[in-house]
2 protein chains.
Amino acid sequence: MTSGIDTGVLSQKTRYAIRAMQHLADRYGQGPVHLQEISDKQNIPAKFLTVILSELSRLGIVESQRGKDGGYWLALSPIDISYGDLIRVMRGSLALVPCASRFAHEKCKNCLEEGDCRTRALMLEVRDRTAELLDGFRLSDPISPVPAFAADEQD
Amino acid sequence: MTSGIDTGVLSQKTRYAIRAMQHLADRYGQGPVHLQEISDKQNIPAKFLTVILSELSRLGIVESQRGKDGGYWLALSPIDISYGDLIRVMRGSLALVPCASRFAHEKCKNCLEEGDCRTRALMLEVRDRTAELLDGFRLSDPISPVPAFAADEQD
DNA sequence: TTATTGTCAACAAAATGAGTTGAGAATATT
DNA sequence: AATATTCTCAACTCATTTTGTTGACAATAA
């Protein structure tokens, strides 16, 4: 029972950001890492990566230095950066709908009054549980990649 | 610590679909419901709603009848339709990234090899937990709307 | 036969997403 | 000082997706 195509919830930009941050986590404590190295190893278009890293730098989550032997490094220890943080930072919210976000709260367009909206009530619960889950995973976690699928069950 | 704007994960169309289904759930067993009624009460543009309901009808999740006193009704009991189903049907997957979807599985563009991708390993876990959560809520659930926020904590 | 109501493909405008261009600023080396 | 290196960042482009609308048609009931 399905129809639509899958665009993915996390934008390409957010996925790049996550991989870049994982890369920096791996190099934590080893001095500045070149943008070019991250671009090469993580398969991210270099120019686009400058946009992403500059943004993360402005947000204070990574630090940077210019000039020869410049580069980027994490502003915090990998254990202090959760995947929830990364997603929040990149897409503004963990919520599935704007009205269910606390931090980036915004009325959903064309919706009912918030006080009458069951979808919102549900999505608040979903957001809380999702936040709990995503904040539990941190950049320091030694995550084992999972082999590609053996075509099985449902989504 | 935030930046981006919140587009919302669930598209407007998906949100409309959910509200329309909730409306039909409330009228379950009461015969066909006019599109116009749903449009009015749920604040959904009528013409757009025809697209949505036709789609749900083609998918077999609602049934319809034309002519005078025609309309739409749920093809299943509200207790047999989960919010997970609705989201899967409308957006193809519950996963945050295409490569972490079982049903609509697809390689993420410009990513690493799947067997090497830590993000994927994580997102598989997130998908499982999200599915569990969303499939636990059903159209039959008596959800109490939550009052608008008293500006508080984080997202 | 007429009014009502759903069906559906095609179209259009707007928003979003992905990525590039290119000029500049900071740093280190010579 | 001059030069090479590396990050900064606003502006721009291009493609895709989203959000609808139009309008012709099909089924049903009175």
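Here is the naming used below: chain letters follow the sequence lines, and residue numbers restart at 1 for every chain. Just so we're clear, the structure is a prediction, and the values are computed from it rather than from any experiment.
OP1 or OP2 of C/dT16 has not a single side-chain nitrogen or oxygen of A/Ser11 nearer than 4.0 Å. Between B/Ser64 and C/dT5 there is no side-chain polar atom (N or O) within less than 4.0 angstrom of OP1 or OP2.
Per the geometry, CG belonging to A/Asn110 stands 6 Å off P belonging to D/dG20, to the nearest Å. Regarding B/Leu10, its CG atom lies at a distance of 18 Å from the P atom of D/dT17, rounded to whole Å.
For A/Asn110, the side chain to side chain donor-acceptor pair (under 3.5 Å) test picks out B/Tyr16, with sequence neighbours left out. With sequence neighbours left out, the salt bridge (Lys or Arg N to Asp or Glu O under 4.0 Å) criterion links A/Lys107 to A/Glu113. Partners of A/Tyr72 by side chain to side chain donor-acceptor pair (under 3.5 Å), not counting sequence neighbours: none found. A search for salt bridge (Lys or Arg N to Asp or Glu O under 4.0 Å) contacts involving A/Glu132 returns nothing, not counting sequence neighbours. Not a single salt bridge (Lys or Arg N to Asp or Glu O under 4.0 Å) links B/Arg58 to another residue, sequence neighbours left out.
Pairs passing the salt bridge (charged side-chain N to carboxylate O under 4.0 Å, His left out) check and including a residue from residues 66-77 of chain A, sequence neighbours excluded, do not occur. Judged as a salt bridge (charged side-chain N to carboxylate O under 4.0 Å, His left out), the pairs with a partner in residues 20-45 of chain B (not counting sequence neighbours) are, in order, A/Arg118-B/Asp26, B/Arg27-B/Glu37.
Scanning residues 31-52 of chain B for heavy-atom distances under 4.0 Å to DNA chain D yields B/Pro45, B/Lys47, B/Phe48, B/Val51.
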Anything under 3.5 Å between a protein N or O and an N or O of nucleotides 25-30 of chain D, put it in a table, one pair a line.
from, atom 1, to, atom 2, distance (Å)
D/dA26, N3, B/Arg66, NH1, 3.2

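Look at B/Asp85 and B/Arg88 and you find a salt bridge, because one of the NZ, NE, NH1 or NH2 atoms lies within 4.0 Å of a carboxylate O, short of that distance.
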